[in-house]
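On a predicted model such as this, the values are computed, not experimentally measured, just so you know.
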Amino acid sequence: MDHAADAHRTDLMTITRHVLNEQRRNPESRGDFTILLSHIVFGCKFVASAVNKAGLAKLIGLAGETNGEEQKKLDVLSNEVFVKALVSSGRTCVLVSEEDEEATFVDPALRGKYCVCFDPLDGSSNIDCGVSIGTIFGIYMIKDKDNVTLEDVLQPGTNMLAAGYCMYGSSCTLVLSTGSGVNGFTLDPSLGEFILTHPDIKIPKKGKIYSVNEGNAQNWDAAVAKFVEKCKYPKDGSPPKSLRYIGSMVADVHRTLLYGGVFLYPADKKSPNGKLRVLYEVFPMSFLMEQAGGQSFTGKERALDLVPTNIHDRSPVFLGSYDDVEEIKALYAELAKTSSA
């Protein structure tokens with residue numbers, strides 16, 4: 001991309017312009033959502049800058065506390081940035097972060113009608129080896145902002161208004177859906193703006209890639225074992241699928257969305273509910289997959305139909321190309337039949 005030429009272009013579709021266009025399609029809209037989103041975008045730009053400087057700014061190294069995954073100082077910083085950005089927008093009433101054990105209820109004077117669930121820096125244990133990491137977020141509407149409770153946060157994913165992720169890698173990419181398709185924006189550092197580079201992303205109906213941590217294979221159930229076996233040794237004469245697993249959810253899902261295939265984080269004997277968190281990992285990524293024409297399944301039901309009982313609930317997930325997920329659903333149906341027989 002020729003940045004010098006770009007700086008003189010006036011027809012660039014920035015993320016702000018895109019969201020304003022979406023807003024115009026909704027006559028009831030008062031611009032609150034646009035303001036909220038601009039604060040999320042600011043948080044992403046701040047974190048992108050911090051991630052790029054992580055080595056230099058001595059942000060890497062243990063922050064002293066641990067949350068199961070080895071926590072880096074950059075996580076703590078990212079969380080603070082997003083909490084402050086979301087609260088100061090004046091459009092949120094409750095926030096759920098992967099980093100905070102409790103939900104954050106916004107000061108009544110600053111409250112708005114939205115709830116944001118987010119993972120400020122997913123995959124942060126990969127920072128030192130240069131693997132892509134990212135921020136994941138999902139946005140809900142709260143009926144009564146003045147009397148918001150934890151119950152209001154524990155909604156099924158089908159109620160989500162918008163979801164997205166920002167990936168900090170070889171470029172900084174923000175993928176967003178407000179419920180009418182999926183669009184990808186890339187940060188142009190010379191402009192400091194996210195520019196629309198991937199309009200109307202559609203996942204291929206069937207993919208050639210499967211993505212799973214095979215180190216857990218001995219603990220899988222029969223349906224997962226059978227699916228992975230079919231990926232490697234297809235019986236129908238088709239070529240085997242390629243395995244790609246980065247171990248950073250944002251990076252693995254981003255590749256799945258663009259190239260097709262399936263991303264699996266199943267339950268196993270060690271983690272009977274899987275590892276991924278429902279509100280700020282499973283729901284936003286499932287929302288994006290469905291909006292792009294794919295599917296997301298838990299092994300029992302459509303992922304977005306789950307109703308969490310705790311803000312940090314976990315769930316297994318299988319998401320990606322429509323046909324690939326359909327195949328997994330068939331294997332689970334078969335397993336249910338044989339186990340009930």
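- Side-chain atoms of S271 never come within 3.5 Å of backbone atoms of N273 as a donor-acceptor pair (strictly under, hydrogens ignored).
- Counting heavy atoms from C-beta on, the side chains of R244 and K208 never come closer than 4.5 Å.
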Stepwise, does the side-chain contact (heavy atoms from CB on, under 4.5 Å) test hold for S315 with Y265? CA-CA 9 Å; S315 168; Y265 209 117; over 6 Å; no
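- Listed for the S339 side chain is a donor-acceptor partner under 3.5 Å among the backbone atoms of L335.
- Using modelled atom types and a 3.5 Å distance limit, the side chains of S248 and D252 yield no donor-acceptor pair.
- Note on E327 versus K206: salt bridge recorded, some NZ/NE/NH1/NH2 to OD/OE distance being below 4.0 Å.
- Note that OG1 of T158 is 6.5 Å distant from CG of L304, once rounded to the nearest 0.5 Å.
- With respect to K202 and D200, a salt bridge is recorded, a charged nitrogen being found less than 4.0 Å from a carboxylate O.
- One finds the CG atom of L279 at 7.5 Å from the SG atom of C115 (value rounded to the nearest 0.5 Å).
- With no hydrogens or angles considered, no side-chain donor-acceptor pair links S296 and E290 at under 3.5 Å.
- Contact annotation: the side chain of V94 never approaches that of D152 to less than 4.5 Å [non-hydrogen atoms, C-beta and beyond].
- Under the side-chain contact (heavy atoms from CB on, under 4.5 Å) rule, V278 has a single partner from V317, I311, T309, D313, which is D313.
- A donor-acceptor pair under 3.5 Å is absent between the side-chain atoms of H18 and the main chain of L196, judged by distance alone.
- Atom NZ of K226 sits in a sparse spot, with 12 or fewer heavy atoms from other residues, nucleotides or ligands closer than 6.0 Å.
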Subject >> Audit row: I203, V182, side-chain contact (heavy atoms from CB on, under 4.5 Å) steps and yes/no >> reply: CA-CA 10 Å; I203 187 170; V182 181; over 6 Å; no
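- Taking hydrophobic clusters as Ile, Leu, Val, Met, Phe, Trp and Tyr residues chained together by side-chain heavy-atom distances below 4.5 Å, L77 does not share a cluster with I136.
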- Task: Please step through side-chain hydrogen bond (donor to acceptor under 3.5 Å, both in side chains) for the pair T34 and Q23, ending with a clear verdict.
- Result: CA-CA 7 Å; T34 308; Q23 188 188 310; 2.4 Å; yes
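- Across all non-hydrogen atoms, the minimal contact from T92 to L86 is OG1-O, 3.0 Å.
- The main-chain N or O of E326 is never found under 3.5 Å from a side-chain atom of D323 such that the two would form a donor-acceptor pair.
- The hydrophobic cluster containing L176 does not contain M249, counting ILVMFWY residues as joined when their side-chain heavy atoms lie under 4.5 angstrom apart, directly or transitively.
- With values rounded to the nearest 0.5 angstrom, M141 atom CE is found 10.5 Å from C93 atom SG.
- Of all non-hydrogen atoms in L187 and F194, the two that sit nearest each other are N-CD2, 3.5 Å.
- When only modelled atom types and interatomic distance are considered, E22 and T178 share a side-chain donor-acceptor pair under 3.5 Å.
- Side-chain atoms of R314 do not come within 3.5 Å of backbone N or O of L276 as any donor-acceptor pair.
- Contact detail for R111 and D146: the closest heavy-atom pair is NH1-O, 3.5 Å.
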Worksheet entry | Verdict with supporting geometry, F46 and S78, side-chain contact (heavy atoms from CB on, under 4.5 Å) | CA-CA 8 Å; F46 191 105; S78 307; over 6 Å; no
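- The number of heavy atoms from other shown groups lying within 6.0 Å of OH (Y245) is above 12.
- Side chains of F283 and L306 form a contact here, defined as non-hydrogen atoms less than 4.5 Å apart.
- Of all the heavy atoms in S211 and L243, the pair that sits closest is CA-CD1, 4.4 Å.
- Using a 4.5 Å heavy-atom cutoff, the side chains of C117 and F137 are not in contact.
- L20 has its side chain out of reach of R17: every pair of non-hydrogen atoms, C-beta onward, lies at least 4.5 Å apart.
- For K275, the NZ atom counts as loosely surrounded, since its 6.0 Å shell holds 12 or fewer non-hydrogen atoms of other residues, nucleotides or ligands.
- A donor-acceptor pair under 3.5 Å links the side-chain atoms of S321 to the main chain of P204, judged by distance alone.
- In this pair, F318 and F297 present their aromatic rings tilted. The plane angle is within the 30 to 60° band.
- Hydrophobic clustering of Ile, Leu, Val, Met, Phe, Trp and Tyr side chains at less than 4.5 Å, counting indirect connections, keeps Y322 apart from I328.
- The shortest side-chain heavy-atom distance between I195 and D188 falls under the 4.5 Å cut-off.
- For CZ of F105, the number of neighbouring non-hydrogen atoms (other residues, nucleotides, ligands) closer than 6.0 Å is greater than 12.
- With a 4.5 Å cut-off between side-chain heavy atoms of Ile, Leu, Val, Met, Phe, Trp and Tyr, the cluster of V131 takes in I246.
- Residues N219 and N216 bring no donor and acceptor atom of their side chains to less than 3.5 Å of each other.
- Inspection of the D100 and N79 side chains reveals an N or O donor paired with an N or O acceptor under 3.5 Å.
- Rounded to the nearest 0.5 Å, atoms OG (S89) and CD1 (I35) are 8.5 Å apart.
- Side chains of Y280 and D122: no donor on one and acceptor on the other come within 3.5 Å.
- K84 NZ: 12 or fewer foreign heavy atoms inside a 6.0 Å radius.
- Two different hydrophobic clusters hold V153 and Y114 under the rule that ILVMFWY side chains link at heavy-atom gaps under 4.5 Å.
- Side-chain N or O atoms of E98 include none that pairs as donor or acceptor with a backbone N or O of D119 at under 3.5 Å.
- Partner of D324 under the side chain to side chain donor-acceptor pair (under 3.5 Å) criterion, chosen from K205, Q295, K329, K241: K241.
- With hydrogens and angles ignored, the 3.5 Å screen pairs no side-chain donor or acceptor of E229 with any backbone N or O of A225.
- Note: F82 and F118 have tilted aromatic rings, judged against thresholds of 30 and 60 degrees for the angle between ring planes.
- No continuous path of hydrophobic side-chain contacts links I15 to Y165 [ILVMFWY only; heavy atoms under 4.5 Å].
- The two residues F33 and A162 have their closest heavy-atom pair at CZ-CB, 3.5 Å.
- Between the side chain of N52 and the backbone N or O of A48 there is at least one donor-acceptor pair closer than 3.5 Å.
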>> As a quick check of understanding, evaluate side-chain contact (heavy atoms from CB on, under 4.5 Å) for I139 and M160, giving each step before the final call.
In response: CA-CA 6 Å; I139 303 172; M160 202 171 259; 5.8 Å; no
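- Among all heavy-atom pairs drawn from C166 and V250, the shortest one is O-CG1, 4.3 Å.
- Between V307 and L154 the shortest side-chain heavy-atom distance does not fall below 4.5 Å.
- Contact check for T135 versus M167: no side-chain heavy atoms found under the 4.5 Å cut-off.
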